[in-house]
Amino acid sequence: MHGLINRSLENFVRDTYGIELWDSVMQELDLGYESFEPMFRYDNAVTRAVTLAVAARLDRTCEDLLEDFGTYLVADARSERVRRLLRFGGVDYLDFLHSLDDLPGRAHLAVPDLDLPDLELVDRGAGEFALRVSHSEGGFGHVLLGALRALADDYGALALLEYEGRDGINATLSIRLLDAAFHEGKNFDLAAGAGA
Amino acid sequence: MNVMTTLPTIQLGHAALDHMMPMHVLVDSTGVILHAGPTLAKIRPGKPLTGQSFFRTFELRRPRYIDSMEAVFAHQGAKVYVRLRDEHKTQLIGVAACLPGQEGVLLNFSFGITILDAVKRYDLAGSDFAPTDLTLEMLYLVEAKSAAMEASNKLAHKLHGQKSEAEAEASSDTLTGLHNRRALDQALDRLISRDIPFTLMNLDLDFFKAVNDTLGHAAGDLVLKQVARILVEETRDDDLVARVGGDEFVLLFPGMTDEVRLMAISRRIIRRLEEPVPYRDEFCRISASIGMVRSNCYPVPSAERMLEDADIALYASKDRGRAQATMFSAALVDGDKEASVAGLPGR
């Protein structure tokens, strides 16, 4: 797993549940470091172990925890950058949904070894879509569920999202877009992050 | 079979043009702007472009000879560089196409490389660009690259800091904070390879073992710290003071080979080291013996040889009753003890 992903998970746990919880989880796992380095790579088993240990501390399922992680990535001001990079995908939520197929490609342009899941949006008609999330690690579907729900809100769209299940490496989310312009949504200033 | 097909002349409504080329202008044959796309209109708020003179609104930068509609017609299809005549002098790149019958010209613009400034200056949004425009992809890349670069830079700084720390730790003596053997070897190599003349001083504490044996290791440590302080105080910033053994020190004096001065420094160091160090109710009393060697005594100095010769000079000092300094000379090796020596007055 790429360090950027592990570090984001770490930031989520620290920001949401406190540094003490993070430190004690890392102490328990005894990996030889207390923090993830964003530009390093880590074994997938490390990410799984951290997720399991944090979920156990909080007495929650990994699925719930990862969904909250997805929400954090989009909705929390401390990870504004992720939200911004996702919002570049489209001018409205529908446009954004259609851009999801390109998301791993976009990510590769910036960080060539970032291993995001393959995404495929299928139009089921009548405002309903299925998103196929393919990755050897099962957690991505849940993270995306949280992130896409938060993004619907960010765009001001009213949408119902559900996790349908996982078959082999393919997890499926269902997305029902009820109203693309339900409310104002959050402003997206193209220039804010350019550093110019 | 080669069939020549005649393509139909395309008639596009303004709404379609506005959508596909939101930064176009239509100019009539007299140079008056007939219509401007919505994004171009947006960057001139409160100043409608329609009805304005094209040449008074846009300054043609390259090629410069374009200053009439005839020149624009002649230049159609080629890239032009223009500048808005506003307070920002925003640069645009464009291309022109003649309308049928030379009724006028259609020019389409883009921001080119000034896009980062333009997006900020004119508060542009994703919907201000044509759906096929790659501007958003470029802005995305700029932002993603900046983020990746920031993470890389942070890591590089962190590693650099850790490296410096590790190097400092690896080259210093933990008790006294002086340099260690490793640092001494590196400094010696550096001086020799750069051909800088220098003096190497070997300093051994006298009676230190007695302090350790009678007053204990805590007293010994206290004395060593005091010795370190004195050696640093009595040397220049560029000199190197290293602790290479329990009570053995080596000092390097780059650029200094004057025997009279070196002997004076040696005497001062020995005198200060002999000042009693209070420990509980007692005083720790030590002294030191010194042997020195100068790099310019050798055709080609070597670190190993100089350390050996400094040792010979040091033992000459010890032989003569300690608390002495001796400058190495070839005579010492021949067993002749008439080498340059300095004892303390009154001893």
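Below, read A as the first sequence line, B as the second, and so on, with proteins coming before strands; counting in each chain starts at 1.
Annotation for B:Q162: atom CD counts as buried by contact number, over 12 foreign heavy atoms lying within 6.0 Å. Other residues, nucleotides and ligands contribute only 12 or fewer heavy atoms inside 6.0 Å of the CD atom of B:Q11. The environment of B:H19 atom NE2 is sparse: at most 12 non-hydrogen atoms of other residues, nucleotides or ligands sit within 6.0 angstrom. A 6.0 Å sphere centred on CZ of A:R41 holds more than 12 heavy atoms belonging to other residues, nucleotides or ligands. Within 6.0 Å of atom CD in B:E167, more than 12 heavy atoms from other residues, nucleotides or ligands are found, so the atom counts as buried in its surroundings. Within 6.0 Å of OH in A:Y42 there are more than 12 heavy atoms belonging to other residues, nucleotides or ligands. Within 6.0 Å of NZ in A:K186 there are more than 12 heavy atoms belonging to other residues, nucleotides or ligands. Environment of CE in B:M138: crowded, with over 12 heavy atoms of neighbouring residues, nucleotides or ligands closer than 6.0 Å.
The candidate from B:G126, B:A147, B:S127, B:A151 with the greatest count of non-hydrogen atom pairs under 4.5 Å with chain A is B:A147. For chain B, the option among A:V111, A:L85, A:L4 with the highest count of heavy-atom pairs below 4.5 Å is A:L85. Across A:A107, A:A110, A:G3, the residue that shares the most heavy-atom pairs under 4.5 angstrom with chain B is A:A110.
For the pair B:K154/A:M39, no side-chain contact is recorded, criterion being any heavy-atom separation below 4.5 Å from C-beta on.
Heavy atoms of B:A125 lying under 4.5 Å from chain A belong exclusively to its backbone. Contact annotation for A:F40: only side-chain heavy atoms (C-beta onward) come within less than 4.5 Å of a heavy atom of chain B. Both the backbone and the side chain of B:L136 come within contact range of chain A, judged by heavy atoms closer than 4.5 Å. Heavy-atom distances place no part of B:Y122 under 4.5 Å from chain A, backbone and side chain included. When heavy atoms are compared at a cutoff of 4.5 Å, A:R87 does not approach chain B at all.
We find the CG-OH distance between A:L190 and B:Y140 to be 14.5 Å, quoted to the nearest 0.5 Å. Between the CG atom in A:D189 and the CG atom in B:D123 there is a gap of 6.0 Å [rounded to 0.5 Å].
Contact check on B:E150 versus A:R81 returns a salt bridge, with a Lys/Arg side-chain nitrogen under 4.0 Å from an Asp/Glu carboxylate oxygen. A salt bridge is defined here as a Lys NZ or Arg NE, NH1 or NH2 lying under 4.0 Å from an Asp or Glu carboxylate O, and A:E37 with B:K158 meets this definition.
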